[in-house]
J.: 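Right, I'll just put the structure down here and ask away after.
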Amino acid sequence: MNQPVPAQPSQVPVLALGDVLLVSLQGELHDGMAEQLQHDITNRIATSRVTGVVLDISGVDIVDSFLGRVLAEIASTAALLAARTVLAGMRPAVAITLVELGLTLPGLVTALDVDRAMELLSQRGS
């Protein structure tokens, strides 16, 4: 008989592109996964020569107050570790929801897509 394998939360991939971390969020991000992502990004910045983080949320349909707070905390922590954060690919519905929740996401610069986010990071670095 086959025993069912217990479901484990999938880890969000954090890709290094030179001195920039690219994090692509897809679908719903549960609270535990969001906290783990924050921890993973912080550790990668602290242990490497990362100067920028791109958080691509183009695959996210819903952002609640917890995820909004985690995104802002990632940016704040990255700034303390001398890395800039750009939030890319925000959908209009997500932007409206964040405004309705009263979340301003301090410390986060936004870009329409990942390409523009990478351009922002390279412009500010020179």
Side-chain angles (χ1 to χ4, degrees):
M1 266 171 82
N2 289 342
Q3 298 264 338
V5 177
Q8 294 180 344
S10 60
Q11 190 173 16
V12 176
V14 178
L15 306 173
L17 302 173
D19 60 352
V20 174
L21 295 179
L22 173 60
V23 183
S24 244
L25 304 179
Q26 301 294 319
E28 188 176 346
L29 193 65
H30 301 287
D31 292 358
M33 287 173 57
E35 289 176 334
Q36 183 62 48
L37 177 63
Q38 182 178 8
H39 180 72
D40 292 347
I41 292 172
T42 302
N43 282 338
R44 291 283 295 273
I45 293 169
T47 60
S48 63
R49 294 180 175 225
V50 171
T51 61
V53 177
V54 175
L55 298 172
D56 176 17
I57 63 167
S58 59
V60 175
D61 294 322
I62 299 170
V63 173
D64 61 10
S65 59
F66 181 79
L67 181 55
R69 184 171 50 88
V70 168
L71 294 173
E73 287 175 1
I74 289 171
S76 296
T77 304
L80 289 172
L81 296 171
R84 296 175 316 253
T85 303
V86 179
L87 187 66
M90 186 180 303
R91 296 177 184 210
V94 171
I96 290 167
T97 301
L98 290 173
V99 169
E100 288 173 347
L101 291 172
L103 296 173
T104 57
L105 303 180
L108 274 173
V109 175
T110 59
L112 292 177
D113 57 35
V114 171
D115 289 336
R116 291 182 181 158
M118 295 297 282
E119 286 175 21
L120 279 172
L121 289 174
S122 67
Q123 290 170 359
R124 291 181 151 191
S126 48

J.: Kindly determine whether Met90 and Val63 satisfy side-chain contact (heavy atoms from CB on, under 4.5 Å), including the steps that lead there.
T.: CA-CA 10 Å; Met90 186 180 303; Val63 173; over 6 Å; no
J.: Measure the spacing between CG of Leu105 and CZ of Arg69 and express it to the nearest 0.5 Å.
T.: 12.0 Å
J.: Quick one, Phe66 and Glu35 - any side-chain contact, counting heavy atoms below 4.5 Å?
T.: yes
J.: Test your reading of the model: is there a side-chain donor-acceptor pair from Arg44 to the backbone of Val14, 3.5 Å cut-off?
T.: yes
J.: Quick check: does any side chain N or O of Arg84 sit under 3.5 Å from a backbone N or O of Val53, one acting as donor and the other as acceptor?
T.: no
J.: Do you know which two heavy atoms are closest between Leu67 and Ala34, and how far apart they sit?
T.: CD1-CB, 4.2 Å
J.: From Leu25 CG over to Asp56 CG, what is the distance, rounded to the nearest 0.5 angstrom?
T.: 7.5 Å
J.: With a 4.5 Å cut-off on side-chain heavy atoms, are Leu55 and Ile41 touching?
T.: yes
J.: Can you name the closest pair of heavy atoms from Val114 and Ala88 and give their distance?
T.: N-CB, 4.0 Å
J.: Once you round to the nearest 0.5 Å, how far does NE2 of His39 lie from CD1 of Ile74?
T.: 12.5 Å
J.: Answer yes or no: does atom CG of Leu17 have more than 12 heavy-atom neighbours from other residues, nucleotides or ligands under 6.0 Å?
T.: yes
J.: Using side-chain heavy atoms (C-beta onward) and a distance below 4.5 Å, is Leu37 in contact with Val70?
T.: no
J.: So how far is it from Leu101 CG to Ile96 CD1, rounded to the nearest 0.5 Å?
T.: 12.0 Å
J.: For residues Arg116 and Asp113, report the shortest heavy-atom separation together with the two atoms involved.
T.: N-OD1, 2.8 Å
J.: For a quick test of reading the model, state the closest non-hydrogen atom pair linking Ala117 to Val54 and the distance between them.
T.: CB-CG1, 3.8 Å
J.: For a 4.5 angstrom cut-off between non-hydrogen side-chain atoms, does Leu29 reach Val60?
T.: no
J.: Can you tell if the side chain of Asp19 reaches within under 4.5 Å of the side chain of Arg49, non-hydrogen atoms only?
T.: no
J.: Give, for atom OG1 of Thr51 and atom CG of Leu121, the distance between the pair rounded to the nearest 0.5 Å.
T.: 7.0 Å
J.: Out of curiosity, Ile45 CD1 to Thr85 OG1, how far, rounded to the nearest 0.5 Å?
T.: 6.0 Å
J.: So which atom in Val86 and which in Ala111 form the shortest heavy-atom distance, rounded to 0.1 Å?
T.: CG1-CB, 3.8 Å
J.: So do Val94 and Thr97 actually touch side chain to side chain, heavy atoms under 4.5 Å?
T.: no
J.: Ser24 and Val12: which non-hydrogen atoms are nearest, and at how many Å?
T.: O-CG1, 3.9 Å
